[in-house]
Every structure is written in C-alpha cells, then in structure tokens.
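Right, one structure below, let's go through it.
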Amino acid sequence: MTDLTITDVSEKYHLKPDTLRYYERIGLIPAVPRKKNGNRYYNEGLQKWIEMIVCLRHSGITVEALVDYVKLIEQGDSTLQAREDLLKEQLALLETKKKNLNFPL
C-alpha cells in the first residue's frame with residue numbers, strides 16, 4: 001500500500017475530505033503527516049485506521065463512542081476489556097435498533 005493524498009483516501013473510503021479533516025481534528029485518526037508542499041499523505045497505518053473507523057461508523061456507532069474507543073486504544077493493552085465492553089454495549093444498542101425496526105414488519 002502506498003501513501004495516498006486526501007483526495008485518494010476520500011475516494012477510496014467514500015468520505016469527503018472535510019470529513020477526514022474533521023476526524024483528524026477531533027482525534028478519531030492520528031495526526032496526518034504532511035509533505036513539504038503542505039499536503040496530507042496517508043500511509044498504510046493511517047489507511048487501516050480509517051478503514052476501522054469507517055467500518056465502525058457504518059455499524060452505527062456514534063462519533064462520540066468512537067472518540068472514547070480511540071482514547072482507549074491509545075492507552076494500550078491495559079484497556080482491552082474496556083474496549084470489548086464498549087463494543088458489546090454498541091452491539092446491544094444495534095440489536096435493539098434492529099428489533100425496533102423489524103417490529104412493524
């Protein structure tokens with residue numbers, strides 16, 4: 001995987017460049033390095049990070065919950081249980097939403 005520009009990443013993950021900048025600003029993705037020309041370049045690690053964020057967002061997890069999750073990741077392996085608990089809580093919320101959506105059917 002090669003370094004990609006913000007335009008490339010936005011096309012790859014179907015996100016607006018402003019969304020990527022917002023995610024960086026609120027700490028959902030780590031600071032993106034810039035080249036001498038000032039443009040952001042997303043390396044393989046950042047691309048995988050964005051993939052995780054996109055996947056979790058598509059699962060219905062709120063930005064606020066994701067910010068909490070990212071903070072736990074940054075604290076290291078001592079937070080594995082807390083991360084698992086957060087994801088289980090989000091799964092339970094999704095299952096409740098699914099049940100409520102299926103009820104009228």
Side-chain angles (χ1 to χ4, degrees):
M1 211 179 281
T2 61
D3 290 353
L4 299 178
T5 66
I6 195 167
T7 302
D8 297 331
V9 170
S10 68
E11 290 172 2
K12 181 177 180 178
Y13 297 105
H14 309 287
L15 296 170
K16 294 179 182 179
D18 284 343
T19 301
L20 289 165
R21 289 185 200 101
Y22 171 70
Y23 285 174
E24 182 182 359
R25 189 172 53 252
I26 65 170
L28 268 187
I29 57 176
V32 179
R34 296 173 183 249
K35 298 286 181 170
K36 289 180 184 179
N37 62 7
N39 292 339
R40 290 171 171 86
Y41 282 86
Y42 296 79
N43 61 27
E44 183 177 347
L46 283 169
Q47 291 174 52
K48 288 182 185 245
W49 192 270
I50 292 167
E51 248 177 70
M52 175 191 69
I53 297 300
V54 168
C55 178
L56 292 170
R57 284 292 293 140
H58 285 192
S59 299
I61 296 178
T62 65
V63 170
E64 293 79 13
L66 277 175
V67 168
D68 293 341
Y69 186 72
V70 167
K71 286 178 183 174
L72 291 171
I73 290 172
E74 291 171 344
Q75 292 175 27
D77 287 346
S78 64
T79 65
L80 285 172
Q81 186 61 53
R83 285 185 260 167
E84 183 179 345
D85 293 344
L86 189 147
L87 291 176
K88 284 180 179 177
E89 180 182 317
Q90 292 300 312
L91 178 60
L93 290 171
L94 286 173
E95 288 174 344
T96 300
K97 283 182 185 179
K98 179 182 174 185
K99 188 177 186 180
N100 289 340
L101 289 171
N102 284 331
F103 180 73
L105 298 176

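In what follows, every heavy atom counts, from backbone to side chain, and hydrogens, waters and symmetry copies are set aside.
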If two hydrophobic side chains count as joined below 4.5 Å and joins carry through other members, does [X] share a cluster with [Y]?
X: L94; Y: I53; value: no
X: L66; Y: I73; value: yes
X: L15; Y: W49; value: yes
X: I26; Y: L86; value: yes
X: L91; Y: L93; value: no

Could I get the full list of side-chain hydrogen bond (donor to acceptor under 3.5 Å, both in side chains) partners for [X], not counting sequence neighbours?
X: Q75; answer: none
X: N39; answer: none
X: T5; answer: D8

Heavy-atom side-chain contact between [X] and [Y] under 4.5 Å:
X: D77; Y: R83; answer: yes
X: M52; Y: L56; answer: yes
X: I50; Y: Y23; answer: no
X: L4; Y: L46; answer: no
X: I61; Y: Y69; answer: no

Between [X] and [Y], which heavy-atom pair has the shortest distance, and what is it?
X: V32; Y: E24; answer: N-OE2, 2.9 Å
X: K35; Y: D3; answer: NZ-OD2, 4.0 Å
X: L28; Y: V67; answer: CD2-N, 3.7 Å

Worksheet item: Are any of the side-chain nitrogens in D18 or R21 under 4.0 Å away from the carboxylate oxygens of its partner?
Response: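 Salt bridge flag = yes for R21 with D18.
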Worksheet item: Are E95 and K99 close enough for a salt bridge, meaning some N to O gap below 4.0 Å?
Response: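 Answer for the salt bridge query: no.
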Report yes or no: does [X] contribute a side-chain atom to a donor-acceptor pair with the main-chain N or O of [Y] at less than 3.5 Å?
X: Q90; Y: A65; value: no
X: T79; Y: L72; value: yes
X: Y13; Y: Q47; value: yes

Item to complete: In sequence, state the C-alpha distance, the side-chain angles, and the governing distance for E74 and V70, and then conclude on side chain to side chain contact (heavy atoms under 4.5 Å, CB included).
Response: CA-CA 6 Å; E74 291 171 344; V70 167; 3.7 Å; yes
